[in-house]
Amino acid sequence: MQNRLSRGLWNYHSVLLIILTPLLLLPLPLVIETKEAACAFVLLLMAVYWVTEVIPLSMTAMLPAILFPLCGIMTSSGVAKEYFKDFHFLLVGVICLATSIEKWGLHRRIALRLVTLVGVSPAWLMLGFMSGCAFLSMWVQNTSAVTMVMPIVEAVLQQILKAKEEAYAGEDNPNLQLDGTETKSLLWILYIRVHAHTHTLTHFFSKKGQMRRKQDRMLCKAMCLGIAYSSNIGGITTLPGTSPNLIFSEYLNQVYPDCNCINFGNWLLLCLPVSVIMLLLTWLWLYWLFIGSEIISSLCSQFFMHLLFIHHSPIHPFPLCSSQEIFTGVVFVVMVLLWLTRSPGFIPGWASLFPHSKSNYVTDATVALLLGVLFFIVPAHGPSKKYEAMISWKEFQVSMPWQVALLVGGGFALAKGAEESGLSLWVARLMTPLGELPVLATVAIACIIVTTLTEVASNAATITIFLPILSPLAEAIHVNPLYILIPATLCTSFSFLLPVSNPPNAVVYAYGHITIIDMVKAGLGVNMIGVLAVLLAVATWGVPLFSLDTYPDWAPTLPTFNSTVP
């Protein structure tokens with residue numbers, strides 16, 4: 001009864017918010033009667049709906065298609081063109097690869113390979129799973145990476161706890177349960193090593209042979225939070241790794257068509273060190289916070305025991321790869337190599353072999369879509385079986401984030417409307433006083449604002465709102481737009497505080513090992529680590545990589561505004 005009442009109150013508040021928000025904002029276009037005011041009305045209305053999620057995010061993204069023609073900002077056909085871009089083809093190709101990876105179990109092999117390399121002591125086991133999840137999230141959506149890894153993590157945690165609870169020491173435990181997944185065939189070596197290490201784990205977590213439940217819970221908390229956080233940390237490493245990165249890349253192509261300085265290779269060079277720094281510091285932070293403060297001596301002793309155990313392990317860890325896994329892995333490697341060598345910058349890439357190469361006819365989306373189509377053509381089995389493609393359309397549709405696709409289209413339409421109406425120029429004039437601050441201070445302020453908002457709004461919605469604001473700000477203070485847009489884009493992925501901040505947090509929270517207080521306490525530290533790592537990157541190796549210390553030719557010059565350079 002109480003649940004129904006709370007749901008009823010929430011529905012009542014949602015309807016009230018849906019109705020009152022446009023009514024309260026309506027004086028803006030009615031009184032001022034300019035296109036800038038009308039566009040501001042649409043922007044604020046969408047921002048409120050996106051932050052509160054009173055209606056689905058994808059449907060909020062459709063509001064420009066309704067309101068821009070009614071307000072005289074853009075024609076209906078002009079708005080419609082903004083809803084499908086090169087980004088969507090890249091997303092389709094990447095999701096084809098992700099679908100095949102998940103269907104044929106390549107993700108489990110990658111994750112468990114890393115785990116068996118690092119061992120099963122608490123600290124190194126946590127690092128192994130975090131590294132595996134971060135690596136997977138570089139190529140698939142963060143939510144997909146978490147849903148792939150968490151069942152394995154949960155099985156290992158239950159096995160460790162059960163082994164200690166039942167006082168096993170190197171014996172077989174017949175109670176290994178994997179929640180109905182087929183992970184069992186790939187977990188057997190980890191299972192054996194867990195039992196062989198039972199005395200080590202028991203010594204680490206217990207005193208005088210008795211289990212200490214508090215440490216057990218702390219291990220579960222640290223492991224689960226590590227998986228949630230590493231998915232976002234790994235996602236920032238590559239352009240297709242997370243939605244904000246893709247939205248930023250496409251926004252740059254639309255607003256600055258002459259800017260050819262962002263590609264897969266140099267983005268990887270900028271963000272891979274950031275991810276590694278964040279992953280290691282987050283691992284140390286979670287270990288210290290939940291498991292123990294004597295971290296250095298503990299890690300060194302566990303590392304020594306791990307080396308001894310691995311050296312004497314005679315068992316080959318995995319069964320042979322299936323042909324489907326091999327094909328998926330080959331396509332995965334080829335896709336990455338083609339992305340890296342398409343237009344590396346310091347030498348001509350393979351795209352220069354095609355006509356009109358200087359006009360960027362061939363993009364990363366071309367590569368992704370070409371290889372993605374192969375999964376619908378190549379047979380999954382040999383000629384002795386009935387023909388079945390590597391993936392089916394139904395399997396692809398389940399994995400395809402259509403909501404993100406529509407949300408991104410709405411963001412592009414909103415950005416175009418802000419440009420056509422003159423709202424971007426008005427915001428640029430309004431923010432020129434920030435030009436008196438040091439550029440790094442301006443960047444830090446933008447990062448803190450974005451990091452704060454992304455805790456209560458979706459990552460894609462946050463970056464969609466802020467790109468049309470920060471871009472004219474950079475032009476107004478005569479700073480390379482990349483100097484502000486890149487760190488803001490990265491910080492959009494740092495939503496670590498709440499289960500509702502992003503889907504990976506919600507998935508991990510649903511397993512029941514952590515509380516909201518645990519996530520807030522740990523997330524504050526990870527947020528600080530992330531913002532500082534991003535500021536370090538853009539202030540050091542990011543400057544020569546993207547020429548951040550000069551105002552580029554591809555950005556418009558606004559001579560009437562204050563002019564500063566970093």
Side-chain angles (χ1 to χ4, degrees), residues 87 90 94 131 134-135 137-139 142 229-253 255-256 259-282 335-347 349 360 363-364 439-440 442-444 446-447 450-451 454 459 463 466-467 470-471 474 479-494 526-527 529-552 554-555 566:
F87 154 83
L90 177 61
V94 170
S131 302
F135 179 77
S137 64
M138 291 169 60
W139 317 105
N142 299 350
Y229 294 163
S230 61
S231 68
N232 290 318
I233 292 171
I236 67 172
T237 309
T238 61
L239 281 176
T242 189
S243 299
N245 294 1
L246 288 171
I247 295 171
F248 160 74
S249 176
E250 186 60 30
Y251 177 85
L252 211 63
N253 292 336
V255 178
Y256 305 112
C259 174
N260 299 320
C261 48
I262 296 291
N263 56 52
F264 184 88
N266 56 23
W267 184 271
L268 188 67
L269 288 176
L270 174 72
C271 297
L272 183 59
V274 175
S275 294
V276 172
I277 292 171
M278 283 191 66
L279 191 70
L280 292 177
L281 292 181
T282 300
M335 185 178 291
V336 174
L337 290 177
L338 290 178
W339 278 341
L340 289 171
T341 57
R342 178 181 64 84
S343 181
F346 56 92
I347 58 172
N360 287 327
T363 65
D364 290 340
V439 176
L440 199 59
T442 304
V443 173
C447 289
V450 168
T451 304
T454 196
N459 300 353
I463 195 62
F466 272 91
L467 283 177
L470 297 177
S471 178
V479 168
N480 191 325
L482 298 180
Y483 207 119
I484 298 179
L485 296 184
I486 289 178
T489 300
L490 295 177
C491 288
T492 305
S493 297
F494 299 160
V526 182
N527 274 342
I529 291 171
V531 172
L532 292 176
V534 168
L535 292 177
L536 173 66
V538 296
T540 52
W541 64 87
V543 173
L545 194 60
F546 296 107
S547 301
L548 299 180
D549 54 346
T550 59
Y551 193 76
W554 44 262

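Keep in mind the model is a prediction, meaning the values are calculated, not measured. This chain uses plain numbering: 1 for the first residue, then up along the sequence. Atoms considered below: every heavy atom in the structure, side chains included; atoms not considered: hydrogens, waters and symmetry mates.
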task: Test Phe494 against every option in Thr454, Thr451, Val526 by the side-chain contact (heavy atoms from CB on, under 4.5 Å) rule and name the one that passes.
output: Thr451
Residue that, paired with Ile486, satisfies side-chain contact (heavy atoms from CB on, under 4.5 Å) out of Val534, Ile262, Asn245: Ile262
Non-hydrogen atoms of [X] and [Y] that approach each other most closely:
X: Tyr251; Y: Ser471; value: OH-CB, 3.3 Å
X: Asn480; Y: Phe546; value: ND2-O, 3.8 Å
X: Thr492; Y: Ala488; value: OG1-O, 2.7 Å
X: Val443; Y: Pro487; value: CG1-CG, 3.5 Å
X: Ala533; Y: Met278; value: CB-CG, 3.9 Å
X: Leu268; Y: Pro273; value: O-CD, 4.1 Å

Taking the side chain from [X] and the backbone from [Y], do they hold a donor-acceptor pair closer than 3.5 Å?
X: Asn266; Y: Leu545; result: no
X: Ser275; Y: Cys271; result: yes
X: Ser231; Y: Ser137; result: no
X: Trp541; Y: Leu536; result: no

To the nearest 0.5 angstrom, please state how far the [atom1] atom of [X] sits from the [atom2] atom of [Y].
X: Cys491; Y: Leu535; atom1: SG; atom2: CG; answer: 6.5 Å
X: Ile236; Y: Leu272; atom1: CD1; atom2: CG; answer: 9.5 Å
X: Cys261; Y: Trp554; atom1: SG; atom2: CH2; answer: 5.0 Å

- prompt: Does a donor on one side chain and an acceptor on the other come within less than 3.5 Å for Tyr483 and Thr442?
  reply: no
